[in-house]
Amino acid sequence: MQHDISLITTIAAALGLGLLFGMLAVRLRLPALVGYLAAGVVIGPATPGFVADVHLASQLAEIGVMLLMFGVGLHFSLDDLLEVKGIALPGAVLQIAVATLLGIGLTHLWGWDLGAGLVFGLALSVASTVVLLRALEDRGELDSFNGRIAVGWLVVEDLVTVLVLVLLPALAGPLGGKGDSGGSLWLSLGKTLLQVGAFIAFMLLVGRKLFPWFLWRVARTGSRELFTLAVIAAAVGIAYGSSHLFGVSFALGAFFAGMVLRESELSHRAAQETLPLRDAFSVLFFVSVGMLFDPRVLVESPLEVLGVVAIIIVGKSLAAFILVLALRYPLNTAITVSASLAQIGEFSFILAALGISLGLLPAMGQNLILAGAIISIAVNPLMFKLVGPLQNWLRPDAERARRMARSPDPLAELPTTVAHERLTGQVVLVGYGRVGKRIAQELDRRGVYYVVAEQNRDIVEDLRRRDQPAVAGNAADAAVLIQAHIARAAMLVIATPDTFHVRAMVDTAKALNPAIRCVVRTHNEEEARLLRAETGGTVLVGEHELARSMAHHVLDGLALAQAH
């Protein structure tokens with residue numbers, strides 16, 4: 001009996017070659033994503049040999065898009081975004097605008113119309129969150145201030161892209177694509193926004209309560225399989241239902257499913273349980289994208305490919321670098337954010353596919369976007385390796401420019417109105433995040449004077465409005481600690497999760513004040529041992545302190561029970 005096994009063949013080839021090429025990419029110190037794309041090229045119709053079913057692969061890719069967007073929504077944190085909103089929000093929006101205009105300008109030289117140029121420019125403007133998170137994890141900077149800015153920047157890009165995915169079908173007709181070009185643009189936009197608004201209202205009013213309640217019911221059965229099935233079914237079901245009932249995209253439906261689930265206390269378990277399946281379908285998504293790539297574009301249109309890569313790596317990065325410096329953030333932050341944005345990925349592919357389906361983007365445009373993605377992702381690790389040398393090369397010019405500026409940065413210098421007694425025997429508190437804020441509250445309660453050194457300018461401005469001495473900048477820079485009057489301080493408390501610059505902070509503090517005592521936080525015992533050996537200060541491990549506090553609470557409770 002003959003069976004049609006094209007689905008099994010496509011999945012087997014995609015996952016098998018994805019594994020093989022992914023391992024090869026990792027061995028070459030490239031992101032695994034490059035390997036997945038290369039696997040797609042090998043089994044695609046543009047290369048000789050076995051050709052997988054492109055139609056089936058595209059449907060599997062749709063599931064991959066749903067799960068990718070579900071994961072983005074599940075990890076989307078409004079609090080994390082608000083923490084860096086002063087730089088991430090204006091920076092990302094302006095950078096998207098600049099990159100989009102560069103893309104439109106480049107396609108204008110090629111003779112493309114405005115609709116094609118708009119989709120092409122937008123696709124080049126958004127970086128890959130997957131690539132960025134892996135790069136920051138490898139460098140140990142995911143929890144650093146610069147890392148939080150880069151992630152917040154990409155969250156804004158993701159939100160803008162979600163909005164574009166919603167509005168682009170309504171704009172397709174007027175832009176020359178498939179749609180009602182003769183109808184009213186405002187009527188079409190109004191209808192789309194009304195549908196999206198109805199969906200968002202339904203998710204916030206009904207889904208926000210129904211979805212977590214349903215998961216709790218499933219969790220109480222004690223079945224791990226049922227819980228995983230419930231999460232996946234809800235993600236895919238909401239995405240499908242949102243498309244058919246409200247006319248919004250699968251991607252937007254899955255994104256809001258993740259956002260709604262994040263409100264539940266089961267969100268961490270849901271993320272952990274569904275991660276293997278999300279990863280597997282993500283591989284299928286990237287492999288299917290690679291199947292659409294025609295390598296001949298590298299030979300037949302090298303100048304066009306070079307122009308695309310130049311916009312991604314040079315144009316976007318330079319725009320971000322100038323914007324960050326214009327917002328008066330440190331040189332290191334500007335370079336780190338620039339390196340983070342020097343690539344494109346999953347959202348670019350989704351935008352390109354939508355542009356093709358709407359008749360806005362020519363097939364050549366998708367090939368150029370894929371070529372730019374593969375090259376930029378492969379080069380991105382090198383961009384991060386250049387952060388240190390580039391910072392050292394640019395620092396003299398940056399310092400000279402700062403001296404020539406008509407007015408110095410007011411947040412980088414402690415106000416002269418701070419009372420002298422508050423700057424003698426004080427605590428210098430580095431970092432005012434979740435941990436630093438609680439330390440500050442305890443110091444306030446006990447009447448201990450302190451000066452905050454924090455890289456987030458919004459936090460520094462807020463502290464100064466409350467008459468709390470604070471200085472903006474990286475405490476690894478001696479100028480920041482000097483402004484915090486470290487020479488007369490009694491103690492240096494490093495509460496920032498960024499342990500990358502701790503040694504420089506402690507060395508500078510001890511050089512300026514040999515008698516100063518240092519207290520440092522860290523996340524694991526191995527890191528704590530290294531910091532104790534290098535700094536000679538008190539190093540506290542978060543898990544140990546939590547366990548000690550809980551043990552004291554248990555013992556106090558037992559003692560109280562025995563007394564009664």
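Within the model, atoms CD1 of I313 and OG of S338 stand 12.5 Å from one another, a figure rounded to the nearest 0.5 Å. Atoms CG and CG, from L429 and L463 in turn, are 9.5 Å apart once rounded to the nearest 0.5 Å. One finds the CG atom of L215 at 9.5 Å from the CG atom of L210 (value rounded to the nearest 0.5 Å). Once rounded to the nearest 0.5 Å, the distance linking CD1 of I377 with CG of L30 reads 10.5 Å. Annotation: the span from I96 atom CD1 to L124 atom CG amounts to 12.0 Å, rounded to 0.5 Å. To the nearest 0.5 Å, atoms CG (L19) and CG (L24) are separated by 11.0 Å.
Side-chain contact between V471 and V460 is absent, with no heavy-atom pair separated by less than 4.5 Å. Two residues are said to be in side-chain contact when any heavy atoms from C-beta on lie closer than 4.5 Å; I439 and V493 meet this criterion. Counting only heavy atoms from C-beta outward, the side chains of R488 and H420 approach each other to under 4.5 Å. The side-chain heavy atoms of L414 and H485, taken from C-beta on, include a pair separated by under 4.5 Å. You'll find the side chain of L323 reaches within 4.5 Å of the side chain of Q95, heavy atoms only. In this structure, Y450 and Q468 have side chains that are in contact, with non-hydrogen atoms separated by less than 4.5 Å. Side-chain contact between E157 and L341 is present, with at least one heavy-atom pair separated by less than 4.5 Å. Between K510 and C518 there is a side-chain heavy-atom pair separated by less than 4.5 Å.
Residues L154 and S128 share a closest heavy-atom pair of CD2-O, 3.5 Å. Nearest heavy-atom pair, V519 versus M491, reported as atom, atom and distance to 0.1 Å: CG2-SD, 3.9 Å. Here the shortest heavy-atom pairing between M505 and T496 reads CE-CG2, 4.5 Å. Considering all non-hydrogen atoms of both residues, L492 and A509 come closest at CD2-CB, 3.7 Å. Heavy atoms only, all atoms of each residue included: I344 and K316 are closest at CG2-NZ, 3.8 Å. The nearest pair of heavy atoms linking F321 to A334 is CD1-CB, 3.6 Å.
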Can you check side-chain contact (heavy atoms from CB on, under 4.5 Å) on F384 and L132, steps first, answer last?
CA-CA 10 Å; F384 273 100; L132 172 65; 4.3 Å; yes

Residue pair I149, Y329: steps toward the side-chain contact (heavy atoms from CB on, under 4.5 Å) verdict:
CA-CA 11 Å; I149 287 179; Y329 277 81; 4.3 Å; yes

Could you give me the CA-CA distance, side-chain angles and deciding distance for F349 and L37, then say whether side-chain contact (heavy atoms from CB on, under 4.5 Å) is met?
CA-CA 11 Å; F349 306 147; L37 292 170; 4.2 Å; yes

After noting the C-alpha distance and the side-chain angles of V164 and F347, does the key distance pass the side-chain contact (heavy atoms from CB on, under 4.5 Å) rule?
CA-CA 11 Å; V164 170; F347 270 118; over 6 Å; no

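Crowding of R466 atom CZ: a count of heavy atoms from other residues, nucleotides or ligands under 6.0 Å exceeding 12.
Scanning for side-chain hydrogen bond (donor to acceptor under 3.5 Å, both in side chains) contacts around D458 gives an empty result, with sequence neighbours left out.
In this structure, the side chain of T424 does not engage the main chain of E421 through any donor-acceptor pair within 3.5 Å. Formation of a donor-acceptor pair under 3.5 Å by the T336 side chain with backbone atoms of T333 is not found in this model. Judged by distance alone, the side chain of R517 and the main-chain N or O of A490 form no donor-acceptor pair under 3.5 Å. For N380 (side chain) and S340 (main-chain N/O), no donor-acceptor pair under 3.5 Å exists by modelled atom type. Side chain of N474 to backbone of Q455: no donor-acceptor contact under 3.5 angstrom is found.
The pair R422-D467 meets the salt-bridge criterion, since a charged nitrogen lies less than 4.0 angstrom from a carboxylate oxygen. Between R438 and E442 no salt bridge is recorded (no basic side-chain N to carboxylate O distance below 4.0 Å).
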